[in-house]
Colleague: 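Quick one: structure below, then a few questions.
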Amino acid sequence: MDALLIESDTVFAAFWMTVRLTAVSALGSLVLGVLLTAMRVAPLASLRGAASVYVSVARNTPLTLVLLFTGLGVGANLGVELSDDIATNNFWLAVIGLTAYTSAFVCEALRSGLNTVPVGQAEAARSLGLGFVKTLGLITLPQAFRSVVAPLGSIMIALTKNTTIALVVGVSEASVRMREMIETYGDQVIEIFFGFAAGFVLLCLPMGLAFGWLSRRMAVAR
């Protein structure tokens, strides 16, 4: 426990990096996931096919490979620089990888939510003259969101834990700091491990409770 107290500033900084990675990647995943969902149900076969291929590839590719691609492929080999600062550049490369991976799961959750919306509602919207985009944005997608709050919460919790793999891009988040502390304070491995585990519980547990409450409050009566 002495190690956690001595290194408290760096531990908090590491968990703050985890929170930032989660928040920014969650926002990006939500935006891209909605776009992919719209493509999956679009009337154009080319859009449906492209989105289907993307989701299938992303869901069946290990996250480590995705982050290696963004870090080594996009960052090192292609020379893409999103910031002059190395740490900031690595942060955004990690966000791109996490977003590209997580958005596929968001898409599938939303698509399953769309399947719960009665077909008659979309038909009624079209009979009123609403096009595909307005029907999706005003009628079906809001109901889909309400029915998949709990699954989206599970995806966000998984994203929080997946940030530990950002170390392959060079982002120093909580898991990296834990490894460094274990190497430095080898006589306090158990205390360090449980300290960091408690930190992740404190991040994930409130998130799960909040999404559970939202799921009950926003449940759609059928």
Side-chain angles (χ1 to χ4, degrees), residues 12-40 51 54-55 57-71 74-75 82-83 87-114 136-137 141-177 196-197 199-218:
F12 281 120
F15 272 106
W16 175 238
M17 176 60 72
T18 296
V19 171
R20 288 173 56 200
L21 275 174
T22 301
V24 179
S25 300
L27 181 60
S29 300
L30 187 62
V31 173
L32 182 55
V34 169
L35 178 60
L36 289 170
T37 303
M39 293 173 64
R40 289 296 300 270
Y54 178 90
V55 170
V57 171
R59 291 182 68 199
N60 292 284
T61 302
L63 177 57
T64 303
L65 292 182
V66 175
L67 290 175
L68 281 174
F69 174 76
T70 57
V74 176
L82 303 173
S83 173
T88 304
N89 187 64
N90 289 342
F91 171 83
W92 286 111
L93 289 174
V95 166
I96 291 173
L98 289 168
T99 298
Y101 179 80
T102 309
S103 60
F105 294 89
V106 173
C107 171
E108 288 300 275
L110 288 176
R111 193 166 69 95
S112 67
L114 287 175
L136 184 67
L141 197 56
Q143 295 183 67
F145 265 108
R146 293 181 63 179
S147 62
V148 297
V149 171
L152 287 177
S154 298
I155 292 172
M156 293 303 107
I157 292 173
L159 171 61
T160 304
K161 293 183 287 187
N162 284 342
T163 57
T164 58
I165 309 179
L167 63 92
V168 302
V169 190
V171 178
S172 183
E173 40 70 56
S175 68
V176 175
R177 188 55 191 151
F196 276 86
F200 275 99
V201 170
L202 290 175
L203 288 180
C204 296
L205 184 59
M207 194 183 307
L209 294 174
F211 274 99
W213 176 81
L214 281 174
S215 178
R216 293 189 297 271
R217 186 171 181 81
M218 300 180 68

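Numbering starts at 1 and runs along the sequence shown.
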Colleague: What pair of heavy atoms forms the shortest contact from Cys107 to Val55, and how long is it?
Modeller: SG-CG2, 3.9 Å

Colleague: For the backbone of Phe211 and the side chain of Ser215, can you confirm whether one donor and one acceptor N or O come within less than 3.5 Å of each other?
Modeller: no

Colleague: Working to the nearest 0.5 Å, report the span between CG of Leu98 and CG of Leu159.
Modeller: 6.0 Å

Colleague: Output all residues satisfying ring-ring contact (aromatic ring centres under 6.0 Å, His included) with Phe200, sequence neighbours left out; order by chain, then residue number.
Modeller: Phe15

Colleague: Quick check against the 3.5 Å criterion: does Thr163 have a side-chain atom that pairs as donor or acceptor with the backbone of Thr160?
Modeller: yes

Colleague: Can you list the residues that meet the side chain to side chain contact (heavy atoms under 4.5 Å, CB included) rule with Leu202, with sequence neighbours excluded?
Modeller: none

Colleague: Show me the donor-acceptor pairs within less than 3.5 Å that the side chains of residues 29-36 make with the rest of the protein, sequence neighbours left out.
Modeller:
residue, atom, partner, partner atom, Å
Ser29, OG, Ser25, O, 2.7

Colleague: Any donor and acceptor pair, going by atom type alone, linking the side chain of Ser147 with main-chain N or O of Ala144 inside 3.5 Å?
Modeller: yes

Colleague: Nearest 0.5 Å, please: how far is CG in Leu63 from CG in Leu68?
Modeller: 9.5 Å

Colleague: In Å and rounded to the nearest 0.5 Å, what is the CD1 to CZ distance from Ile96 to Phe91?
Modeller: 11.0 Å

Colleague: Measure the CG-OG1 distance between Leu21 and Thr164 for me, rounded to the nearest 0.5 Å.
Modeller: 10.5 Å

Colleague: Between CH2 of Trp92 and OG1 of Thr70, what distance do you get to the nearest 0.5 Å?
Modeller: 13.5 Å

